[in-house]
Amino acid sequence: MQIIHGEYYHQLSMNNRIRIVPIDGPRGRIYDRNGVILADNRMVFHVGVVPQDVEDKKALFDYLGQAFDRDPDFLERQFEMKKTAPFVPVILAQDISRELAVRIEEEKFIYPGLIVQQGYERYYPFNDAGAHVLGYVGKIDEDEIEDNQQYGYTPLSYVGKTGVEKKYEAFLQGEPGGRQIEVDSRGTQVRLLGLKAPLAGNDVVLTIDQRVQNAAQELLSGYRGGIVVMDLTNGNLMSLVSSPSYDPNAFSDKSKNDKLTEYFNDPSTPLLNRALSSYPPGSVFKIPVALAAIQLHKITPSTTFDCPGYMMVGNRKFGCSHVHGVQDLEQALAHSCNVYFFHVGQLVTPPIIGAFAKAFGFTRPTGVDLPFEAKGKLVTGASSDRPWYTGDVLNLSIGQGYTLATPLQITVMMAAVANDGVILRPRVVKSVGGEDIPVMDFSKRPLIRLRDQTWREVQKGLKAVVDDPEGTGRDLKDVPGLNIYGKTGTAQSTRGKPNHAWFAGYIRSPKASIAFCVFLEYGGSSENAVRISRDLILQLQSLKII
């Protein structure tokens, strides 16, 4: 062919080029575990101008100015700024109404160069409920275009910015199609060579139950905080919510752009995922301290300490919530006695406390398949940049001072206690493109090896938190038909602000076994977290999940 048509091909190669004008494919849908659509696509229309086809620029932009109720000169300036090549459409209006799209489509023959393009916009039917898991999509920025040119992204592409949308971007993003055109050496289109239809991205199915997400989001209404619910057998997250939340539609729906300014200026930081952010854990941290003390024979279950309501260290008083009197381990866990754990913490020592806490996952991310997970913090003396005093040991013993943990880390810790030391890796995605993501066999997961008695004694104390008439979680005792284990925490926050409130626990039932955590940022007493936990459990019962 080169010999017979040599002159033709030489001319084609020297003076002409093949160009691809990409067309984005729709993103894959996101479903919950029950097949409910959580992220979908809706058809939208954009208006653009192909530079090389324009014949009467003034008439064209006068028409567009009238159609969009904008200054024609402004539209023309935008056109000149965005122009990249003669054959590449310059988009001047996105997501216009269907009525306007139809009108422009009918009249575009009068104005050569004017086109109406069909596209897709992300749509989240549940608005703010569980938004932090899903995340949102936004216009690709210049760095992202440069890093992903080989995947067909264009300046018009939308990509995942947070949540599942970001973590699974490579799977959710549709495969672009495009128009293959022949252009001459000046970049002017000579002819259309072919058209490739775009393909939709892979659908993603989550482990999340949207019914639980809706209930949890409603329970947190008016609070800052997070709720996590996780399957004890495999680490599948049924729920992970953060409050206050936001409507992810605002990032793709131009009619809701005013909300973005509200979100970015809101002092309650609704875009922050509090379920993956670090806070002082307070008394829920007494669990690894108790396990270390029993395992290393620093105490026995019957060892007692007297609580007069405080402990003096020099001239400084370290307080307890009540005058508890003489307490053994079970009572100290049930009543959350600080003084008892002040004594125990000094017997165990900070390095050992730190070792046990790290075994449960403090100081490292849980590995959940979501971006921007905090790793927490743990300072035990040797790692401190200042002298370590007795008061620091006391604070460490009750989860105060420099200790930080996320609600998800606390949930993983509770699951490990329930499972006698098995460390689960939480996850939110069950399958991608119809292919299930394998779950690690339970027997092969990381294991904290402690004596059976060690686990039983601490589990007994966590049961007493709920069952003891004076237990800090006693309001959960009247939940019918369930054995509930848990631990409260009231953690001091920054100076002058209310305490953080925690309740974390686990439940085994014939239907499902779960670990859960309720965290209220500046939520005051842990009683508030207990009350929300009770309502959450009742909701799970009404949904026949447990």
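Counting heavy atoms from C-beta on, the side chains of Tyr136 and Asp247 never come closer than 4.5 Å. Taking 4.5 Å as the limit, every side-chain heavy atom of Tyr31 sits out of range of all side-chain heavy atoms of Val204. Considering only heavy atoms from C-beta on, Leu206 comes within 4.5 Å of Leu134 through its side chain.
Put simply, the side chain of Ser397 gets close to the backbone of Val393: a donor and an acceptor are under 3.5 Å apart. Counting only distance, with no hydrogens or angles, the side chain of His132 and the backbone of Pro270 share a donor-acceptor pair below 3.5 Å. No donor-acceptor pair closer than 3.5 Å links the side chain of Asp266 to the backbone N or O of Glu262. Panel note: side chain Gln346, backbone Phe342; a donor-acceptor pair is recorded below 3.5 Å. Proximity of a side-chain donor or acceptor of Thr207 to a complementary backbone N or O of Met238 within less than 3.5 Å is not detected. Listed for the Asp32 side chain is a donor-acceptor partner under 3.5 Å among the backbone atoms of Gln210. Looking only at distances, a side-chain donor or acceptor of Asp392 sits under 3.5 Å from a matching main-chain atom of Tyr389. Judged by distance alone, with hydrogens and angles left aside, the side-chain atoms of Gln409 form no donor-acceptor pair with the main-chain N or O of Ser278 at under 3.5 Å. Between the side chain of Asp40 and the backbone N or O of Arg29 there is no donor-acceptor pair closer than 3.5 Å. A donor-acceptor pair is defined here as one N or O able to donate and one able to accept, closer than 3.5 Å; no such pair exists between the side chain of Gln173 and the backbone of Gly201.
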For a salt bridge (charged side-chain N to carboxylate O under 4.0 Å, His left out) check, start with the C-alpha distance between Glu330 and Lys463, then their side-chain angles and the critical distance, and finish with the verdict.
CA-CA 9 Å; Glu330 180 181 328; Lys463 189 73 172 68; over 6 Å; no

Carefully, step by step, assess Gln539 and Val212 under the rule side chain to side chain contact (heavy atoms under 4.5 Å, CB included).
CA-CA 8 Å; Gln539 290 271 20; Val212 185; over 6 Å; no

Before giving the answer on side chain to side chain contact (heavy atoms under 4.5 Å, CB included), spell out for Asn234 and Met440 the whole-Å C-alpha distance, their side-chain angles and the decisive distance to 0.1 Å.
CA-CA 8 Å; Asn234 52 27; Met440 183 184 293; over 6 Å; no

Pair Leu538-Val479, side chain to side chain contact (heavy atoms under 4.5 Å, CB included): steps then yes or no
CA-CA 7 Å; Leu538 291 173; Val479 176; 4.2 Å; yes

Please assess Gln327 against His324 for the test side chain to side chain contact (heavy atoms under 4.5 Å, CB included), listing each intermediate value before the final yes or no.
CA-CA 7 Å; Gln327 300 277 285; His324 292 112; 3.6 Å; yes

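There is a side-chain donor-acceptor pair under 3.5 Å between Thr454 and Gln295. When only modelled atom types and interatomic distance are considered, Asn338 and Lys286 share a side-chain donor-acceptor pair under 3.5 Å. Between the side chains of Ser336 and Lys487, at least one donor-acceptor pair of N or O atoms lies under 3.5 Å. Checked by atom type, the side-chain pair Arg122/Asn41 shows a donor-acceptor distance below 3.5 Å.
When all heavy atoms are compared, the tightest approach of Asp128 to Ser245 is O-OG, 2.7 Å. The minimum heavy-atom distance linking Leu404 with Pro280 is given by the pair CD2-N, 3.5 Å. Across all non-hydrogen atoms, the minimal contact from Ala359 to Ile423 is O-CD1, 3.8 Å. The minimum heavy-atom distance between Ile37 and Phe126, with the atom names listed, is O-CE1, 3.6 Å. Closest of all the heavy-atom pairs between Lys161 and Val137 is CG-C, 4.2 Å. Looking at every heavy atom in both residues, Ala504 comes nearest to Ile410 through CB-CG2, 3.5 Å.
The 12-atom threshold is not exceeded at CZ of Arg449, counting heavy atoms of other residues, nucleotides or ligands nearer than 6.0 Å. Crowding of Glu527 atom CD: a count of heavy atoms from other residues, nucleotides or ligands under 6.0 Å not exceeding 12. Lys511 NZ: more than 12 foreign heavy atoms inside a 6.0 Å radius. For Arg33, the CZ atom sits in a packed shell: over 12 heavy atoms of surrounding residues, nucleotides or ligands are nearer than 6.0 Å. Heavy-atom neighbours of Gln492 CD from other residues, nucleotides or ligands within 6.0 Å: at or below the threshold of 12.
Between Tyr279 and Trp502, the two ring planes are perpendicular [angle over 60°; tilted spans 30° to 60°]. Using a 30° and 60° split on the angle between ring planes, Tyr340 and Phe305 fall in the perpendicular class, above 60°. Taking the six-membered ring for Trp and thresholds of 30 and 60 degrees, Tyr522 and His500 have ring planes inclined between 30 and 60 degrees apart.
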Output a table of donor-acceptor pairs, distance under 3.5 Å, between side-chain atoms of residues 216-228 and any protein atom two or more places apart or on a different chain; print 'none' if there are none.
from: Gln217; atom 1: OE1; to: Gly130; atom 2: N; distance (Å): 3.0
from: Gln217; atom 1: NE2; to: Ser242; atom 2: O; distance (Å): 2.9
from: Tyr223; atom 1: OH; to: Arg531; atom 2: NH2; distance (Å): 2.6

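Look at Arg427 and Asp369 and you find no salt bridge, because none of the NZ, NE, NH1 or NH2 atoms lies under 4.0 Å from a carboxylate O. Note on Arg456 versus Asp420: salt bridge recorded, some NZ/NE/NH1/NH2 to OD/OE distance being below 4.0 Å. The residues Lys167 and Glu373 are annotated as not salt-bridged, no charged nitrogen and carboxylate oxygen being separated by less than 4.0 angstrom. Looking at Lys430 and Asp436, a side-chain N of the basic residue comes within less than 4.0 Å of a carboxylate O on the acidic one, giving a salt bridge. We find that Arg534 and Asp478 are joined by a salt bridge, their nearest charged nitrogen and carboxylate oxygen being less than 4.0 Å apart.
Rounding to the nearest 0.5 Å gives a distance of 7.0 Å between CD1 of Ile484 and CD1 of Ile546. With rounding to the nearest 0.5 angstrom, the CG atom of Leu370 is 11.5 Å from the CD atom of Glu165. The distance from atom CG of Leu329 to atom CD1 of Ile294, rounded to the nearest 0.5 Å, is 5.0 Å. Within the model, atoms CG of Asn214 and CG of Asn127 stand 10.0 Å from one another, a figure rounded to the nearest 0.5 Å. Here Tyr246 contributes atom OH and Leu271 contributes atom CG; the two are 6.5 Å apart, rounded to the nearest 0.5 Å. Once rounded to the nearest 0.5 Å, the distance linking CG of Leu291 with CD1 of Ile353 reads 12.0 Å.
Note: Phe285 and Phe362 meet the aromatic proximity criterion, with ring centroids under 6.0 Å apart. Tyr310 has its ring centre no less than 6.0 Å from the ring centre of Phe318.
For the side chain to side chain contact (heavy atoms under 4.5 Å, CB included) with Pro281, the lone residue among Thr406, Ile398, Thr403 that qualifies is Thr403.
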